A.B. asks: 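Before I ask anything, let me first share the structure, which is written out below as structure tokens.
Everything numeric here is computed off the predicted structure, so don't read it as measured data. Labels below follow one simple rule: chain letters A, B, ... track the order of the sequence lines, proteins then strands, and each chain is numbered from 1.
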Number of protein chains: 2
Amino acid sequence: MSAETVTIGEAARRSGVSAKMIRWYEETGLLPPATRSESGYRHYGEADLHTLRFVRRARDLGFSVEAIAELLALWHDRARPSASVKAIAEDQVADLRRRIAELEGMARTLERLADSCCGDSRPDCPILDDLAAGDAAPSPRRRRRPGLPTR
Amino acid sequence: MSAETVTIGEAARRSGVSAKMIRWYEETGLLPPATRSESGYRHYGEADLHTLRFVRRARDLGFSVEAIAELLALWHDRARPSASVKAIAEDQVADLRRRIAELEGMARTLERLADSCCGDSRPDCPILDDLAAGDAAPSPRRRRRPGLPTR
DNA sequence: TGTGGGGCTTCCCATCATGGGAAGGTCAAG
DNA sequence: CTTGACCTTCCCATGATGGGAAGCCCCACA
């Protein structure tokens with residue numbers, strides 16, 4: 001019993017991770033190479049599906065693939081300290097909060113500008129005036145530490 | 001007077017847009033080709049700098065390059081209806097709000113999980129338990145309409 | 001047993017906005 | 001004239017994802 005395995009398409013359907021991404025996760029080392037049939041088809045068992053769902057859920061929470069690799073390692077380490085997991089989660093929360101604050105700032109500014117624009121057929125527009133004002137604070141564009149699907 | 005022009009590095013410093021990005025904006029058609037010196041150096045005048053600052057400010061508000069192209073066109077169109085500008089701004093706000101809500105959902109879930117994890121040296125961890133639960137709602141990963149720096 | 005259609009394989013390309021860096025030409029100050 | 005800072009173009013990488021082509025495989029049905 002339980003030698004039941006499924007092909008990659010079925011694994012994708014059952015895990016919510018696309019076949020493309022399953023292959024990519026394997027290629028980049030997030031997942032170990034799948035077992036193959038004689039003809040080269042990948043096959044996945046229940047444990048593999050469980051792992052795939054874990055990955056999927058972690059992606060849904062915005063974890064980067066790198067963070068997921070750490071989470072998977074901790075998941076498989078029966079001697080893990082839960083503090084390690086918690087630290088990763090709290091980092092992720094901090095990152096999410098930082099990004100939310102950034103987007104919130106943009107949204108508030110834009111809402112204020114949009115509210116002040118009467119939005120009719122006349123050309124006067126406080127939104128364009130603001131953009132053209134050119135008093136942009138020269139904040140350097142930082143590289144974000146990878147993470148969210150950002151879809 | 002006012003035939004003063006600067007090179008791309010100086011334009012970058014004065015506008016807050018990197019030289020790399022100025023070239024890229026030109027290449028992709030967001031900006032018209034810069035005038036060149038005999039030896040091929042790009043040169044920028046006050047009007048160009050004004051445009052660059054406009055672009056920079058719009059990027060800071062999360063507009064996609066595509067949206068900025070529309071905003072620039074409206075900016076230069078003295079017969080524009082302000083409603084057109086307002087519509088673009090409101091689309092952007094809606095997009096920002098949607099993404100904020102998404103991140104907020106992740107952050108809340110993760111905070112709840114992190115709070116329930118005692119974070120000590122023992123291996124028991126509700127965070128991993130949740131990830132492993134595999135009850136992930138199979139929400140399809142949509143492609144996001146381009147926009148934010150997302151840094 | 002032949003065949004058709006759907007699933008699998010690998011490989012390449014695109015996204016979006018950005019930076020890094022190499023190889024080589026230009027310019028201005030000393 | 002040299003030196004060093006700047007400019008040019010070109011290629012590559014990022015992160016996670018999808019699209020699509022070319023070709024092989026497998027099963028069900030006639």
A.B. asks: Nearest-Å distance, CZ (B/Arg56) to P (C/dA17)?
C.D. replies: 15 Å
A.B. asks: What parts of residues 18-25 of chain B reach DNA chain C, counting only heavy atoms under 4.0 Å away?
C.D. replies: B/Ser18, B/Lys20, B/Met21, B/Trp24, B/Tyr25
A.B. asks: Within a reach of under 6.0 Å around CZ of A/Arg97, are more than 12 heavy atoms found that belong to other residues, nucleotides or ligands?
C.D. replies: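 For A/Arg97, atom CZ is crowded (more than 12 foreign heavy atoms under 6.0 Å).
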A.B. asks: To the nearest angstrom, how far is B/Arg13 atom CZ from D/dC6 atom P?
C.D. replies: 6 Å
A.B. asks: Looking at every heavy atom in both A/Ala107 and B/Ile100, which two are closest together, and how far apart are they?
C.D. replies: CB-CD1, 4.3 Å
A.B. asks: Let me know the distance between CD of B/Glu102 and C1' of D/dA16, rounded to the nearest Å.
C.D. replies: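 Taking CD of B/Glu102 and C1' of D/dA16, I get 14 Å after rounding.
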A.B. asks: Look at A/Glu27 together with A/Arg23 and state whether they make a salt bridge at an N to O cut-off of under 4.0 Å.
C.D. replies: no
A.B. asks: For B/Val55, which of B/Ile22, B/Val65, B/Leu30, B/Leu71 qualifies under side-chain contact (heavy atoms from CB on, under 4.5 Å)?
C.D. replies: B/Leu30
A.B. asks: Taking only nitrogen or oxygen atoms into account, show me every contact under 3.5 Å that the protein makes with nucleotides 27-30 of chain C, one pair per line with its distance.
C.D. replies:
unit_1: C/dC27; atom_1: OP1; unit_2: B/Ser39; atom_2: OG; d: 2.8

A.B. asks: Using whole Å, report how far NE2 of B/His43 lies from P of D/dC6.
C.D. replies: 14 Å
A.B. asks: Does a side chain donor of either A/Asp124 or B/Ser82 reach within less than 3.5 Å of an acceptor in the other side chain?
C.D. replies: no
A.B. asks: Compare side-chain N and O positions of A/Thr7 against OP1 and OP2 of C/dG7 and report whether any pair is under 4.0 Å apart.
C.D. replies: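 Looking at the OP1 and OP2 atoms of C/dG7, neither is under 4.0 Å from any side-chain N or O of A/Thr7.
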A.B. asks: Please step through salt bridge (Lys or Arg N to Asp or Glu O under 4.0 Å) for the pair B/Asp95 and B/Arg98, ending with a clear verdict.
C.D. replies: CA-CA 5 Å; B/Asp95 199 36; B/Arg98 183 182 57 74; 2.7 Å; yes
A.B. asks: Measure OH/A/Tyr44 against C1'/C/dT9 and give the value in whole Å, please.
C.D. replies: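 The answer, rounded to whole Å, is 12 Å.
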A.B. asks: Would you call B/Asp60 and A/Met106 a side-chain contact if the rule is heavy atoms closer than 4.5 Å?
C.D. replies: no
A.B. asks: Check the surroundings of atom CZ in A/Arg78: do more than 12 heavy atoms from other residues, nucleotides or ligands lie under 6.0 Å from it?
C.D. replies: no
A.B. asks: Take atom CZ of A/Arg42 and atom P of D/dC24, then tell me their distance rounded to the nearest Å.
C.D. replies: 18 Å
A.B. asks: Can a salt bridge be assigned to the pair A/Glu10 and A/Arg13 using a cut-off of 4.0 Å between side-chain N and carboxylate O?
C.D. replies: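 Salt bridge flag = yes for A/Arg13 with A/Glu10.
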A.B. asks: Round to a whole Å and report the spacing from CZ of A/Arg59 to P of D/dG18.
C.D. replies: 11 Å
A.B. asks: Could you tell me the separation between the CD atom of B/Glu26 and the P atom of C/dT18, rounded to a whole number of Å?
C.D. replies: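 Computing the B/Glu26:CD to C/dT18:P distance gives 16 Å.
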